[in-house]
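Each remark here refers to the structure printed beneath this line.
Residue indices begin at 1 and follow the sequence shown. Every number for a ligand or one of its atoms is a count from 1 in the order of the listing.
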Amino acid sequence: MKNTAKRIGILTAGGDSPGLNAAIRAVGKAAIGEFGWEVLGFRDGFLGLAEDHWLPLDKPALSGILTVGGTILGTSREKPHRMEIDGQVRDMTDTIAANYRRHRLSALVCIGGGGTHKNALRLVKAGLNIVTLPKTIDNDVPLTDATIGFDTALGIASEALDRLHSTAHSHHRIIVAEIMGHRAGWLTLGAGIGGGADVILIPEIPYTPEKIAAAIARRAEGGRANFSIVAVAEGALSHETAAAFAVAKRKKQQARTAEKRKIAKAELKELDLRHAGNTLRLARQLEELTGLEARVTILGYVQRGGTPSVTDRILATRLGSACVSLIKEGRFGVMVAARGNTTTAVPITDVAGNLKLVPTDHEWVRAARRVGTCLGD
Ligand code: F6P
(Lines give C-alpha, C1' and ligand atoms only; values in the text may rest on other atoms or scores of the structure.)
Protein backbone atom coordinates (compact mmCIF):
# COMPACT_ATOMS: atom_id res chain seq x y z
CA MET A 1 0.00 0.00 0.00
CA LYS A 2 1.23 3.52 -0.82
CA ASN A 3 2.47 5.45 2.18
CA THR A 4 0.58 8.75 2.17
CA ALA A 5 1.97 10.03 5.49
CA LYS A 6 3.39 13.48 5.07
CA ARG A 7 5.90 15.59 6.91
CA ILE A 8 5.33 19.34 6.90
CA GLY A 9 7.39 22.26 8.20
CA ILE A 10 6.19 25.43 9.84
CA LEU A 11 7.88 28.72 10.68
CA THR A 12 6.94 32.17 11.97
CA ALA A 13 8.71 35.21 10.49
CA GLY A 14 8.71 39.01 10.82
CA GLY A 15 7.59 40.88 13.95
CA ASP A 16 5.78 38.67 16.43
CA SER A 17 2.10 39.11 17.12
CA PRO A 18 -0.42 37.62 19.53
CA GLY A 19 -2.08 34.52 18.04
CA LEU A 20 1.00 32.99 16.40
CA ASN A 21 0.98 30.07 18.81
CA ALA A 22 -2.74 29.57 18.24
CA ALA A 23 -1.98 29.30 14.50
CA ILE A 24 0.94 26.87 15.03
CA ARG A 25 -1.31 24.80 17.25
CA ALA A 26 -4.14 24.75 14.70
CA VAL A 27 -1.87 23.64 11.85
CA GLY A 28 -0.17 21.05 14.04
CA LYS A 29 -3.27 19.61 15.66
CA ALA A 30 -5.19 19.33 12.37
CA ALA A 31 -2.16 17.80 10.60
CA ILE A 32 -1.48 15.24 13.32
CA GLY A 33 -5.02 14.59 14.52
CA GLU A 34 -6.78 14.38 11.19
CA PHE A 35 -4.12 12.95 8.90
CA GLY A 36 -1.35 11.59 11.11
CA TRP A 37 1.30 13.81 9.51
CA GLU A 38 4.58 14.71 11.16
CA VAL A 39 5.22 18.41 11.89
CA LEU A 40 8.62 20.12 12.17
CA GLY A 41 8.89 23.63 13.61
CA PHE A 42 11.78 25.73 12.26
CA ARG A 43 13.29 28.23 14.66
CA ASP A 44 13.53 32.00 14.16
CA GLY A 45 11.87 32.30 10.79
CA PHE A 46 13.72 31.45 7.57
CA LEU A 47 16.98 31.40 9.52
CA GLY A 48 16.01 28.08 11.13
CA LEU A 49 15.48 26.49 7.74
CA ALA A 50 18.82 27.81 6.51
CA GLU A 51 20.72 26.67 9.61
CA ASP A 52 18.61 23.55 10.10
CA HIS A 53 17.44 24.49 13.58
CA TRP A 54 14.13 22.85 14.28
CA LEU A 55 12.07 21.00 16.85
CA PRO A 56 9.43 18.29 16.49
CA LEU A 57 5.95 19.69 16.97
CA ASP A 58 4.25 16.66 18.45
CA LYS A 59 1.08 16.63 20.52
CA PRO A 60 2.78 17.59 23.84
CA ALA A 61 4.63 20.48 22.17
CA LEU A 62 1.33 21.82 20.83
CA SER A 63 -0.49 21.54 24.11
CA GLY A 64 -1.18 24.57 26.32
CA ILE A 65 -0.04 27.20 23.81
CA LEU A 66 -3.38 28.56 22.55
CA THR A 67 -3.37 31.50 24.94
CA VAL A 68 0.38 32.12 25.05
CA GLY A 69 1.70 35.34 23.42
CA GLY A 70 4.73 35.49 21.09
CA THR A 71 5.81 32.39 19.20
CA ILE A 72 7.22 29.17 20.62
CA LEU A 73 9.32 28.90 17.44
CA GLY A 74 10.95 32.32 17.74
CA THR A 75 11.02 34.72 14.82
CA SER A 76 13.34 36.98 12.84
CA ARG A 77 13.27 39.28 9.85
CA GLU A 78 16.03 37.33 8.06
CA LYS A 79 15.54 37.01 4.29
CA PRO A 80 16.50 33.78 2.45
CA HIS A 81 18.44 35.70 -0.21
CA ARG A 82 20.27 38.06 2.17
CA MET A 83 21.02 36.26 5.42
CA GLU A 84 23.69 37.06 7.94
CA ILE A 85 25.55 33.81 8.57
CA ASP A 86 28.78 33.85 10.59
CA GLY A 87 29.09 37.61 10.12
CA GLN A 88 28.67 37.40 6.35
CA VAL A 89 25.63 38.27 4.24
CA ARG A 90 24.83 35.29 2.01
CA ASP A 91 22.13 34.06 -0.34
CA MET A 92 20.83 30.97 1.46
CA THR A 93 17.97 30.13 -0.92
CA ASP A 94 19.65 26.97 -2.26
CA THR A 95 20.59 25.81 1.26
CA ILE A 96 16.99 26.33 2.40
CA ALA A 97 15.69 24.35 -0.60
CA ALA A 98 18.22 21.59 0.10
CA ASN A 99 17.21 21.36 3.78
CA TYR A 100 13.54 21.29 2.79
CA ARG A 101 14.23 18.33 0.48
CA ARG A 102 16.52 16.54 2.91
CA HIS A 103 13.74 16.57 5.51
CA ARG A 104 11.40 15.22 2.80
CA LEU A 105 8.87 17.96 3.54
CA SER A 106 5.65 17.89 1.55
CA ALA A 107 4.93 21.53 2.38
CA LEU A 108 6.19 24.51 4.34
CA VAL A 109 3.77 26.76 6.23
CA CYS A 110 5.07 30.34 6.61
CA ILE A 111 3.19 32.56 9.05
CA GLY A 112 3.95 36.23 8.57
CA GLY A 113 3.21 39.65 7.15
CA GLY A 114 4.45 41.70 4.18
CA GLY A 115 8.13 40.72 4.32
CA THR A 116 7.32 37.06 4.87
CA HIS A 117 5.15 36.98 1.77
CA LYS A 118 7.97 38.38 -0.38
CA ASN A 119 10.35 35.78 1.05
CA ALA A 120 7.79 32.98 0.68
CA LEU A 121 7.37 33.89 -2.99
CA ARG A 122 11.13 33.47 -3.51
CA LEU A 123 10.87 29.97 -2.07
CA VAL A 124 7.85 29.19 -4.26
CA LYS A 125 10.03 30.16 -7.23
CA ALA A 126 12.77 27.88 -5.87
CA GLY A 127 10.29 24.98 -6.14
CA LEU A 128 9.07 24.64 -2.52
CA ASN A 129 5.43 23.85 -1.72
CA ILE A 130 4.44 26.87 0.35
CA VAL A 131 1.21 27.87 2.09
CA THR A 132 1.20 31.13 4.08
CA LEU A 133 -0.98 32.51 6.86
CA PRO A 134 -1.36 36.30 7.25
CA LYS A 135 -0.28 37.72 10.60
CA THR A 136 0.63 41.23 11.68
CA ILE A 137 -0.77 43.71 14.15
CA ASP A 138 -0.69 46.24 11.27
CA ASN A 139 -3.53 44.50 9.34
CA ASP A 140 -1.88 45.62 6.10
CA VAL A 141 -1.82 42.27 4.23
CA PRO A 142 -4.03 42.52 1.13
CA LEU A 143 -6.84 40.17 0.12
CA THR A 144 -7.72 39.01 3.61
CA ASP A 145 -10.35 40.54 5.88
CA ALA A 146 -8.03 40.42 8.85
CA THR A 147 -4.57 39.36 10.00
CA ILE A 148 -3.69 37.38 13.11
CA GLY A 149 -2.76 39.77 15.95
CA PHE A 150 -4.61 42.85 14.75
CA ASP A 151 -7.62 42.41 17.01
CA THR A 152 -5.48 41.93 20.12
CA ALA A 153 -3.36 45.00 19.38
CA LEU A 154 -6.54 46.97 18.70
CA GLY A 155 -7.82 46.03 22.13
CA ILE A 156 -4.55 46.98 23.85
CA ALA A 157 -4.26 50.33 22.05
CA SER A 158 -7.89 51.34 22.62
CA GLU A 159 -7.66 50.39 26.29
CA ALA A 160 -4.57 52.58 26.55
CA LEU A 161 -6.49 55.50 25.05
CA ASP A 162 -9.33 54.89 27.53
CA ARG A 163 -6.85 55.11 30.38
CA LEU A 164 -5.15 58.21 29.00
CA HIS A 165 -8.49 60.04 29.01
CA SER A 166 -8.75 60.41 32.77
CA THR A 167 -5.24 61.73 33.24
CA ALA A 168 -5.51 64.11 30.24
CA HIS A 169 -8.82 65.37 31.64
CA SER A 170 -7.48 65.84 35.17
CA HIS A 171 -4.44 67.85 34.04
CA HIS A 172 -6.12 69.72 31.15
CA ARG A 173 -3.48 68.37 28.82
CA ILE A 174 -3.11 67.16 25.29
CA ILE A 175 -1.92 63.57 25.30
CA VAL A 176 -0.41 62.41 22.05
CA ALA A 177 -0.41 58.61 21.89
CA GLU A 178 1.74 56.97 19.23
CA ILE A 179 0.35 53.72 17.87
CA MET A 180 2.16 51.15 15.68
CA GLY A 181 1.11 50.10 12.18
CA HIS A 182 4.17 50.80 10.02
CA ARG A 183 2.85 52.56 6.87
CA ALA A 184 -0.82 51.63 7.45
CA GLY A 185 -3.34 53.40 9.64
CA TRP A 186 -5.69 50.52 10.54
CA LEU A 187 -4.52 50.13 14.13
CA THR A 188 -4.56 53.85 14.92
CA LEU A 189 -7.89 54.43 13.20
CA GLY A 190 -9.57 51.46 14.87
CA ALA A 191 -8.11 52.16 18.32
CA GLY A 192 -8.82 55.87 17.93
CA ILE A 193 -12.48 55.23 17.14
CA GLY A 194 -12.82 52.55 19.84
CA GLY A 195 -10.92 54.61 22.42
CA GLY A 196 -12.72 57.87 21.60
CA ALA A 197 -9.67 59.85 20.46
CA ASP A 198 -10.41 63.48 19.60
CA VAL A 199 -7.83 63.51 16.83
CA ILE A 200 -6.75 60.53 14.73
CA LEU A 201 -3.72 60.85 12.44
CA ILE A 202 -2.95 58.08 9.95
CA PRO A 203 -0.33 57.78 7.18
CA GLU A 204 -2.98 57.70 4.46
CA ILE A 205 -4.29 61.19 5.39
CA PRO A 206 -1.50 63.79 5.71
CA TYR A 207 -2.14 66.32 8.47
CA THR A 208 -1.67 70.04 9.08
CA PRO A 209 -0.69 70.90 12.70
CA GLU A 210 -2.67 74.17 12.60
CA LYS A 211 -5.87 72.25 11.76
CA ILE A 212 -5.32 69.88 14.69
CA ALA A 213 -4.67 72.83 17.00
CA ALA A 214 -7.88 74.50 15.81
CA ALA A 215 -9.88 71.33 16.57
CA ILE A 216 -8.34 71.12 20.05
CA ALA A 217 -9.09 74.81 20.65
CA ARG A 218 -12.73 74.33 19.56
CA ARG A 219 -13.10 71.57 22.16
CA ALA A 220 -11.86 73.94 24.85
CA GLU A 221 -14.25 76.75 23.88
CA GLY A 222 -16.41 77.85 26.81
CA GLY A 223 -14.40 75.64 29.18
CA ARG A 224 -16.12 72.56 27.71
CA ALA A 225 -13.25 70.11 27.39
CA ASN A 226 -9.86 71.57 28.09
CA PHE A 227 -8.01 68.41 27.14
CA SER A 228 -7.59 66.24 24.07
CA ILE A 229 -6.42 62.78 23.10
CA VAL A 230 -4.48 62.62 19.84
CA ALA A 231 -3.97 59.10 18.43
CA VAL A 232 -1.09 59.28 15.98
CA ALA A 233 0.15 56.43 13.82
CA GLU A 234 3.92 55.92 13.83
CA GLY A 235 3.80 56.44 10.05
CA ALA A 236 1.60 59.55 10.07
CA LEU A 237 3.00 62.46 8.04
CA SER A 238 2.40 66.17 7.87
CA HIS A 239 1.46 67.52 4.43
CA GLU A 240 4.96 68.95 4.13
CA THR A 241 6.74 65.66 4.91
CA ALA A 242 4.34 63.65 2.74
CA ALA A 243 5.18 65.96 -0.18
CA ALA A 244 8.92 65.52 0.41
CA PHE A 245 8.49 61.69 0.48
CA ALA A 246 6.44 61.81 -2.73
CA VAL A 247 9.16 63.79 -4.52
CA ALA A 248 11.92 61.40 -3.33
CA LYS A 249 9.87 58.32 -4.33
CA ARG A 250 9.21 59.77 -7.78
CA LYS A 251 12.93 60.50 -8.19
CA LYS A 252 13.72 56.88 -7.31
CA GLN A 253 11.17 55.55 -9.80
CA GLN A 254 12.39 57.81 -12.57
CA ALA A 255 16.13 57.34 -11.92
CA ARG A 256 17.71 56.10 -15.13
CA THR A 257 21.20 55.41 -13.79
CA ALA A 258 22.47 53.41 -10.83
CA GLU A 259 24.09 56.58 -9.47
CA LYS A 260 20.80 58.52 -9.57
CA ARG A 261 18.95 55.59 -7.95
CA LYS A 262 21.55 55.52 -5.18
CA ILE A 263 21.10 59.25 -4.52
CA ALA A 264 17.30 58.93 -4.48
CA LYS A 265 17.50 55.94 -2.10
CA ALA A 266 19.79 57.91 0.24
CA GLU A 267 17.32 60.81 0.18
CA LEU A 268 14.46 58.47 1.15
CA LYS A 269 16.56 57.00 3.96
CA GLU A 270 17.38 60.49 5.22
CA LEU A 271 13.67 61.39 5.21
CA ASP A 272 12.90 58.19 7.13
CA LEU A 273 15.54 59.07 9.72
CA ARG A 274 14.19 62.59 10.07
CA HIS A 275 10.68 61.19 10.50
CA ALA A 276 11.76 59.33 13.66
CA GLY A 277 10.77 61.54 16.56
CA ASN A 278 7.83 62.93 14.60
CA THR A 279 5.39 62.34 17.47
CA LEU A 280 7.52 64.34 19.92
CA ARG A 281 7.83 67.17 17.42
CA LEU A 282 4.08 67.17 16.84
CA ALA A 283 3.41 67.38 20.58
CA ARG A 284 5.73 70.42 20.88
CA GLN A 285 4.01 72.05 17.91
CA LEU A 286 0.57 71.50 19.41
CA GLU A 287 1.75 72.89 22.73
CA GLU A 288 2.95 76.07 21.00
CA LEU A 289 -0.15 76.41 18.86
CA THR A 290 -2.74 75.79 21.61
CA GLY A 291 -1.01 76.98 24.78
CA LEU A 292 -2.02 73.69 26.43
CA GLU A 293 0.55 71.40 27.99
CA ALA A 294 1.22 68.28 25.90
CA ARG A 295 2.55 64.85 26.87
CA VAL A 296 3.58 61.94 24.70
CA THR A 297 2.89 58.24 25.24
CA ILE A 298 4.52 55.78 22.86
CA LEU A 299 2.65 52.49 23.17
CA GLY A 300 5.35 50.56 21.29
CA TYR A 301 5.85 46.83 21.77
CA VAL A 302 3.18 46.54 24.48
CA GLN A 303 0.82 46.33 21.50
CA ARG A 304 2.44 43.10 20.30
CA GLY A 305 2.73 41.39 23.66
CA GLY A 306 0.69 39.04 25.77
CA THR A 307 -2.22 36.72 25.37
CA PRO A 308 -4.24 36.86 22.10
CA SER A 309 -7.86 38.02 22.11
CA VAL A 310 -10.58 35.43 21.55
CA THR A 311 -11.15 36.88 18.06
CA ASP A 312 -7.48 36.29 17.18
CA ARG A 313 -7.57 32.77 18.61
CA ILE A 314 -10.59 31.96 16.45
CA LEU A 315 -9.03 33.55 13.34
CA ALA A 316 -5.75 31.67 13.87
CA THR A 317 -7.60 28.39 14.36
CA ARG A 318 -9.73 28.92 11.23
CA LEU A 319 -6.74 29.85 9.05
CA GLY A 320 -4.49 27.13 10.49
CA SER A 321 -6.98 24.33 9.99
CA ALA A 322 -7.90 25.55 6.47
CA CYS A 323 -4.19 25.56 5.64
CA VAL A 324 -3.98 21.81 6.37
CA SER A 325 -6.92 21.16 4.02
CA LEU A 326 -5.09 23.04 1.25
CA ILE A 327 -1.94 20.96 1.80
CA LYS A 328 -4.06 17.81 1.72
CA GLU A 329 -5.52 18.94 -1.63
CA GLY A 330 -2.04 19.74 -2.94
CA ARG A 331 -2.75 23.46 -3.39
CA PHE A 332 0.45 25.42 -2.94
CA GLY A 333 1.81 28.90 -3.58
CA VAL A 334 -1.21 30.36 -1.81
CA MET A 335 -2.08 32.38 1.28
CA VAL A 336 -5.05 31.34 3.39
CA ALA A 337 -7.26 34.43 3.63
CA ALA A 338 -10.25 35.19 5.84
CA ARG A 339 -13.31 36.21 3.81
CA GLY A 340 -16.48 36.83 5.74
CA ASN A 341 -17.44 33.61 7.49
CA THR A 342 -15.19 31.48 5.36
CA THR A 343 -11.58 31.12 4.24
CA THR A 344 -10.19 31.21 0.74
CA ALA A 345 -6.85 30.61 -0.98
CA VAL A 346 -5.24 33.54 -2.79
CA PRO A 347 -2.04 33.33 -4.88
CA ILE A 348 1.03 34.55 -2.99
CA THR A 349 1.97 36.45 -6.17
CA ASP A 350 -1.09 38.69 -5.58
CA VAL A 351 -0.03 39.39 -2.00
CA ALA A 352 3.77 39.78 -2.09
CA GLY A 353 4.93 43.37 -2.48
CA ASN A 354 1.45 44.84 -1.96
CA LEU A 355 0.11 46.69 1.08
CA LYS A 356 -3.49 47.06 2.23
CA LEU A 357 -3.73 50.71 3.23
CA VAL A 358 -6.79 52.50 4.60
CA PRO A 359 -8.87 53.87 1.71
CA THR A 360 -9.49 57.53 2.51
CA ASP A 361 -13.22 57.01 1.96
CA HIS A 362 -13.34 53.86 4.12
CA GLU A 363 -16.40 53.49 6.31
CA TRP A 364 -14.25 53.81 9.47
CA VAL A 365 -12.89 57.14 8.19
CA ARG A 366 -16.38 58.43 7.37
CA ALA A 367 -17.76 57.27 10.71
CA ALA A 368 -14.93 58.96 12.62
CA ARG A 369 -15.54 62.24 10.81
CA ARG A 370 -19.30 62.05 11.45
CA VAL A 371 -18.80 61.80 15.20
CA GLY A 372 -16.64 64.93 15.05
CA THR A 373 -13.17 63.38 15.18
CA CYS A 374 -10.46 65.53 13.62
CA LEU A 375 -8.37 63.61 11.08
CA GLY A 376 -5.85 66.41 10.75
CA ASP A 377 -6.79 67.39 7.19
O1 F6P B 1 4.87 44.95 11.60
C2 F6P B 1 4.62 44.99 12.95
C3 F6P B 1 5.38 46.10 13.59
O4 F6P B 1 5.13 46.07 14.97
C5 F6P B 1 5.08 47.51 13.02
O6 F6P B 1 3.89 48.02 13.53
C7 F6P B 1 6.33 48.24 13.43
O8 F6P B 1 6.55 49.32 12.58
C9 F6P B 1 7.39 47.20 13.28
O10 F6P B 1 6.76 45.94 13.40
C11 F6P B 1 8.50 47.26 14.29
O12 F6P B 1 9.49 46.36 13.90
P13 F6P B 1 10.62 45.74 14.83
O14 F6P B 1 10.01 44.65 15.65
O15 F6P B 1 11.59 45.18 13.86
O16 F6P B 1 11.14 46.85 15.66
Side-chain angles (χ1 to χ4, degrees), residues 11-21 23 43-47 69-71 73-79 82-84 110-120 132-142 144 146-161 176-192 195 200-204 231-237 241 245 268-269 271-280 282 296-309 312 315-316 335 351-358:
L11 60 83
T12 52
D16 71 336
S17 75
L20 279 172
N21 288 325
R43 294 190 186 276
D44 301 332
F46 295 98
L47 190 64
T71 159
L73 296 177
T75 186
S76 76
R77 295 194 188 274
E78 292 288 347
K79 304 171 178 73
R82 235 184 307 136
M83 220 169 245
E84 202 176 318
C110 304
I111 314 179
T116 303
H117 281 85
K118 286 193 209 164
N119 293 326
T132 63
L133 303 189
K135 75 82 211 158
T136 164
I137 64 163
D138 304 343
N139 199 35
D140 59 357
V141 177
T144 180
T147 55
I148 300 165
F150 175 61
D151 182 74
T152 309
L154 202 53
I156 296 169
S158 56
E159 196 205 323
L161 296 183
V176 183
E178 184 186 286
I179 297 175
M180 275 185 169
H182 197 45
R183 299 199 196 286
W186 295 107
L187 198 52
T188 306
L189 181 59
I200 300 176
L201 306 175
I202 60 174
E204 295 84 347
V232 55
E234 60 181 349
L237 305 165
T241 316
F245 267 105
L268 270 173
K269 201 170 171 195
L271 281 171
D272 263 332
L273 284 175
R274 252 193 278 155
H275 186 256
N278 184 56
T279 303
L280 290 171
L282 175 66
V296 169
T297 299
I298 295 180
L299 299 184
Y301 295 88
V302 164
Q303 295 160 104
R304 281 187 0 199
T307 190
S309 68
D312 271 330
L315 177 66
M335 173 184 86
V351 178
N354 296 323
L355 272 187
K356 181 177 76 180
L357 298 176
V358 179

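Between the side chains of T241 and H275, no donor-acceptor pair of N or O atoms lies under 3.5 Å.
Every residue two or more places apart in sequence or in another chain that forms a side chain to side chain donor-acceptor pair (under 3.5 Å) with D151 is listed here: S309.
A salt bridge links D16 to R304: at least one charged side-chain nitrogen sits closer than 4.0 Å to a carboxylate oxygen.
Looking at N139 and I137, their side chains never come closer than 4.5 Å, going by heavy atoms from C-beta outward. With a 4.5 Å cut-off on side-chain heavy atoms, F46 and M83 count as touching.
For A120 against T132, the heavy-atom pair with the smallest separation is CB-CG2, 3.7 Å.
Protein residues with a heavy atom under 4.0 Å from ligand 1 are R77, T136, I137, D138, M180, G181, H182, E234, Y301, R304.
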